[in-house]
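Structure first, commentary second.
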Amino acid sequence: MYQRIRAPVVSERDYTVLMHRDGDGQGGEARITFRLANEDGPPPARGVVRLSTLRGLWSVTPAADGGCDVVYSIHSEPGGNIPAFLVRGPYVDSARELVQDVLDWAESHP
């Protein structure tokens with residue numbers, strides 16, 4: 001999957017990611033891992049910073065109460081000359097929002 005990100009103040013970023021699914025969640029954990037695969041995507045675009053580090057996972061495990069335990073973990077580096085303090089807060093907020101959006105969708109699609 002190829003993504004191109006536009007954010008205020010900084011140059012656009014892009015990356016290609018490869019996702020892999022293990023398990024179906026019927027009898028245990030369902031897991032999706034992802035990692036960069038820029039070599040499989042389009043060539044770098046002029047004026048766009050290519051991410052050089054991105055990896056993570058989604059893990060969904062049946063819980064004793066009949067629900068599920070969900071873990072989302074991601075590590076990425078935005079590339080370019082962005083100080084860490086400018087990135088840390090927005091990355092945490094966007095990860096939290098993504099997880100909440102997925103949980104909201106799952107609750108409305110039983």
Side-chain angles (χ1 to χ4, degrees):
M1 173 176 62
Y2 173 77
Q3 291 195 329
R4 190 162 173 171
I5 302 165
R6 291 179 178 89
V9 184
V10 299
S11 299
E12 290 181 46
R13 303 295 196 260
D14 76 346
Y15 60 90
T16 300
V17 66
L18 176 67
M19 303 174 83
H20 180 78
R21 183 183 67 182
D22 289 313
D24 60 8
Q26 296 299 312
E29 179 184 33
R31 183 179 184 105
I32 297 173
T33 57
F34 53 93
R35 65 168 180 79
L36 275 182
N38 286 330
E39 66 280 1
D40 294 330
R46 185 177 208 168
V48 176
V49 177
R50 172 93 6 130
L51 264 66
S52 61
T53 302
L54 175 68
R55 64 181 176 276
L57 69 88
W58 283 91
S59 171
V60 181
T61 307
D65 65 1
C68 293
D69 294 322
V70 177
V71 174
Y72 174 65
S73 175
I74 185 169
H75 173 76
S76 67
E77 298 290 337
N81 295 320
I82 301 175
F85 75 90
L86 288 178
V87 177
R88 195 168 291 119
Y91 266 25
V92 170
D93 291 344
S94 67
R96 185 180 305 114
E97 291 169 10
L98 174 63
V99 171
Q100 189 59 56
D101 288 348
V102 169
L103 293 174
D104 291 345
W105 181 89
E107 189 173 3
S108 68
H109 294 81

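Being a predicted model, the structure only gives us computed values, none of them experimental. Residue numbers count from 1 along this sequence.
- Both F34 and V70 belong to a common hydrophobic cluster when Ile, Leu, Val, Met, Phe, Trp and Tyr are linked at side-chain heavy-atom distances under 4.5 angstrom.
- P42 approaches T16 most closely through the heavy-atom pair CD-OG1, 3.8 Å.
- Shortest non-hydrogen contact noted between T53 and H75 is CG2-CD2, 3.4 Å.
- Side-chain contact between V102 and W58 is present, with at least one heavy-atom pair separated by less than 4.5 Å.
- Counting only residues at least two apart or in different chains, salt bridge (charged side-chain N to carboxylate O under 4.0 Å, His left out) contacts with residues 30-45 comprise E29-R31.
- To the nearest 0.5 angstrom, M19 atom CE is 11.0 Å from L57 atom CG.
- Between the side chain of N38 and the main chain of L51, a donor-acceptor pair closer than 3.5 Å is present.
- Listed by chain and number, the residues in a ring pair (Phe, Tyr, Trp, His ring centres under 6.0 Å) with Y2 amount to none (sequence neighbours excluded).
- Taking each heavy atom of P62 and G28 in turn, the nearest pair found is CD-O, 3.3 Å.
- Atom OG1 of T33 and atom CZ of R21 lie 11.5 Å apart (nearest 0.5 Å).
- Between atom CG of residue L36 and atom OG of residue S52 there is a gap of 7.5 Å, rounded to the nearest 0.5 Å.
- Every residue was checked against the side chain to side chain donor-acceptor pair (under 3.5 Å) condition with D65, not counting sequence neighbours, and none meets it.
- Interatomic distance, CG of L54 versus CD1 of I74, reported as 5.0 Å (0.5 Å rounding).
- Atoms CD1 and OG, from I5 and S11 in turn, are 12.5 Å apart once rounded to the nearest 0.5 Å.
- Taken together through direct or relayed side-chain contacts under 4.5 Å among Ile, Leu, Val, Met, Phe, Trp and Tyr, L103 and I32 form part of one hydrophobic cluster.
- Under the 4.5 Å side-chain criterion, counting only non-hydrogen atoms from C-beta, R50 is not in contact with V48.
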